[in-house]
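Below, all heavy atoms of this structure are taken into account, side chains as well, without hydrogens, waters or symmetry copies. Naming convention: chains lettered A, B, ... in sequence-line order (proteins, then strands); numbering from 1 in each chain.
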4 protein chains.
Amino acid sequence: MKKKDMSKQAKIQDAVAAIILKEGPAGVSTTKVARRVGIAQSNVYLYFKNKQALIDSVYQRETQRIINTTALAALADETVALPERIRMYVQQVYDYSLAHPDSLTLLQQIKSLKGQGMELTVGADDPNNVVVRLLTAGVTAGVLKPLPVNLFMSLVFAVIHTHTTNVKNGLTSSTAVNFDTLYPLIWDAIRLG
Amino acid sequence: MKKKDMSKQAKIQDAVAAIILKEGPAGVSTTKVARRVGIAQSNVYLYFKNKQALIDSVYQRETQRIINTTALAALADETVALPERIRMYVQQVYDYSLAHPDSLTLLQQIKSLKGQGMELTVGADDPNNVVVRLLTAGVTAGVLKPLPVNLFMSLVFAVIHTHTTNVKNGLTSSTAVNFDTLYPLIWDAIRLG
Amino acid sequence: MKKKDMSKQAKIQDAVAAIILKEGPAGVSTTKVARRVGIAQSNVYLYFKNKQALIDSVYQRETQRIINTTALAALADETVALPERIRMYVQQVYDYSLAHPDSLTLLQQIKSLKGQGMELTVGADDPNNVVVRLLTAGVTAGVLKPLPVNLFMSLVFAVIHTHTTNVKNGLTSSTAVNFDTLYPLIWDAIRLG
Amino acid sequence: MKKKDMSKQAKIQDAVAAIILKEGPAGVSTTKVARRVGIAQSNVYLYFKNKQALIDSVYQRETQRIINTTALAALADETVALPERIRMYVQQVYDYSLAHPDSLTLLQQIKSLKGQGMELTVGADDPNNVVVRLLTAGVTAGVLKPLPVNLFMSLVFAVIHTHTTNVKNGLTSSTAVNFDTLYPLIWDAIRLG
DNA sequence: TATGAATGAGTGTTCATTCAT
DNA sequence: AATGAATGAACACTCATTCAT
């Protein structure tokens, strides 16, 4: 029922995601994508202007999913204490990453295609970003250490992504290490004093 | 003086590194490499068995450089207290990363070529690894939090790499944030209690 | 009319056959084939998975032609006497070889590509082969000499192929030496007593 | 002792022969030859003007060996009866082929490189050839059938080469089928009446 | 005599993209 | 919306050949 309803556009994006996860971003070719979806190669160009647009769309779809899943509004709710909101932010990343273990890997892979640095961390580029504002507020309020906030975001993603990968690879059981045992690692790191 | 003495082998590796940093690992082609070095394309195969061997050699050269630069022996010196040795480890990564800002990026990019996860962190694969042993000892001794050590390594690399990239991009001045201001972020995270 | 109706697949195969006959099997390259057909080189791969598949298809097409042309059923007709059927077999090879003088050469050339021996002789590999069964029956019935039947087949092909080549090169007129003058050479050889 | 005394020239030729037998004539490359002999690739050009000359020399060496091994003089000895001399010729081919089972295969392979026909049969090209003269005399004297002599030679080679290959592949035991059982196949074929 | 370094032309193969149907 | 046919450019890799040493 799920697969049936999917637009062909989405099917193509799924194929791209699957290939990236299996063979790395360099492995994506219109031929392979089309074969996987079961359409003609040229058909890909009916839905996407070119290969770059296709890959970009996969990237954007993935980030959008994260944004949709996370309760951004709550993070901006100033009636809640900053430490509490920061914990919520980390928890959301944690939950999402555990539920969609390939999601962060996917984004990372796509980013690596281009030769830039890799300030992944979903939307850190966006100065209006909710998370950036939250963390900046934390710094200003003396709750967090006075350091660039992208260090914090980078730390959060690295720790959680590594943990998720550990779980996925069976190196760590998700009961032995859960959010409550993992969060201190992050919170101790970033909190001031 | 530097360029003149370089063997052609090294020149080719340099070209590969430069391309990876500029265009990502997918951008490496024997044609481009040869053009950059100023030799015939087929010439690449005089020095490297195939493209994979070439890229692998760049990876290994880079890791070797790190190993050569860092004083691994000191990290295993049991007459020095664990917290002190851990600090030394982080400092070495920090110093190296600042001195060779592209080095970690390069390794990360090459790793991403294949569709694996990304347990980069230089030699983390090796169970006998000095760093792994150091951190494991820290956990056992109750100095570090009881968590998988690759979480720690991942954290260290993420923080330092992001910082280095910040400095390189002019987002952070290396005087405003130096090792002494950065280290607490890491130490507070991993230490127990 | 002939050329127009041909599918491009067949045109490509024709080009391969022509090149093999002119330059030997080592002379076949996708570039040359494409140039001869008047298509882009990459186009070859639209019709054939790879070069080997292309050459194999030429081989198979040729054997198929032989099979289609010859009246295999008659050779298995047990109501006809063995000597008569054997003569029919040789006659069929003779007729085919004269009508398509390059056909056997082509098959031989393709076989020689690989480093094997050359048990050419069309389908001699197949133990159920009609011809093998016919000749084996001849041996059993005491009509033919008690020798391995592939010796007979080899002899038949060699004699006829050499004759055909003689005719094609103008060394022999096909009237001076016709089937009736040639057949005794073969029949005397193989018949018992 | 044998290998030690061999000139490098001969070693190179041996390598070529071995490669042809293993991979077919298309598999010969200066790189592979040099590797097999244990010399530098460029070294091949010290002994042979180019690749074609090298392969030709292998061909010629092989034919020369046959000529050296066979007692040509006896074939031309007019004091011996024609049927006897013809039998000697066939026997010589038989003996040589059995002693050097790859020899004929080698010659055949080299011939196939070029796209000509394949009137192999060692020196059949040479009109003064001893064998041609012998067989022609046989025809003239009414001992052999009045047919082009290259048909006879072709037949002789095909039968013997197939037999030799059978033996080499274990399909025929060399005792079950020996010269005396094989010769009638040939003699009955070519003799008149 | 021997080598290693060098190269240009060539190989088979894959690719992103276009277009007529 | 969908396809198959087409193509030029790129790719990794091999080759025969040359030349300075």
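When rounded to the nearest whole Å, the span between CG of C:Asn43 and P of F:dA5 equals 10 Å. What separates CD1 of C:Ile39 from P of F:dA6 is a distance of 8 Å, to the nearest Å. Counting to the nearest Å, the P atom of F:dA10 and the CD1 atom of B:Ile19 are 15 Å from each other. In this structure, the CG atom of D:Asp56 is 14 Å from the P atom of F:dA16, given to the nearest Å. Rounded to whole Å, atom P of F:dC11 lies 14 Å from atom CG of B:Leu54. In this structure, A:Phe48 places its CZ atom 13 Å from P of F:dA2, rounding to the nearest Å. Regarding C:Leu46, its CG atom lies at a distance of 7 Å from the P atom of F:dA6, rounded to whole Å.
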| said: Pairs counted only when both distances fall under 3.5 Å, Watson-Crick or G-U: show me the 5' to 3' dot-bracket for DNA chain E, [ ] for pseudoknotted crossings and | for other-strand partners. | reply: .||||||||||||||||||||

| request: Starting at the 5' end of nucleotides 14-21 of chain E, put B wherever the base has a protein heavy atom under 4.0 Å, S where only the sugar-phosphate does, and a dash everywhere else. | output: BSBBBB--

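Of the possible donor and acceptor atoms, one in the side chain of B:Ser57 sits under 3.5 Å from a partner among the backbone N and O of B:Leu54. Between the side chain of A:Ser103 and the main chain of A:His100, no donor-acceptor pair closer than 3.5 Å is present.
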Scan the side chains in residues 33-46 of chain A for donor-acceptor partners under 3.5 Å anywhere in the protein, sequence neighbours excluded, and list what turns up.
residue	atom	partner	partner atom	Å
A:Gln41	OE1	A:Thr30	OG1	3.0

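Side-chain contact between A:Ile12 and A:Gln9 is absent, with no heavy atoms from C-beta onward closer than 4.5 Å.
Every pair passing salt bridge (charged side-chain N to carboxylate O under 4.0 Å, His left out) that includes a residue from residues 25-34 of chain B is listed here, sequence neighbours excluded: B:Glu23-B:Lys32. Within the structure, the salt bridge (charged side-chain N to carboxylate O under 4.0 Å, His left out) test picks out no pair touching residues 37-55 of chain A (sequence neighbours left out). Applying the salt bridge (charged side-chain N to carboxylate O under 4.0 Å, His left out) rule to pairs touching residues 52-66 of chain A yields A:Asp14-A:Arg61, A:Asp56-A:Lys114, A:Glu62-A:Arg65, sequence neighbours excluded.
For A:Lys168, the salt bridge (Lys or Arg N to Asp or Glu O under 4.0 Å) test picks out A:Asp102, with sequence neighbours left out.
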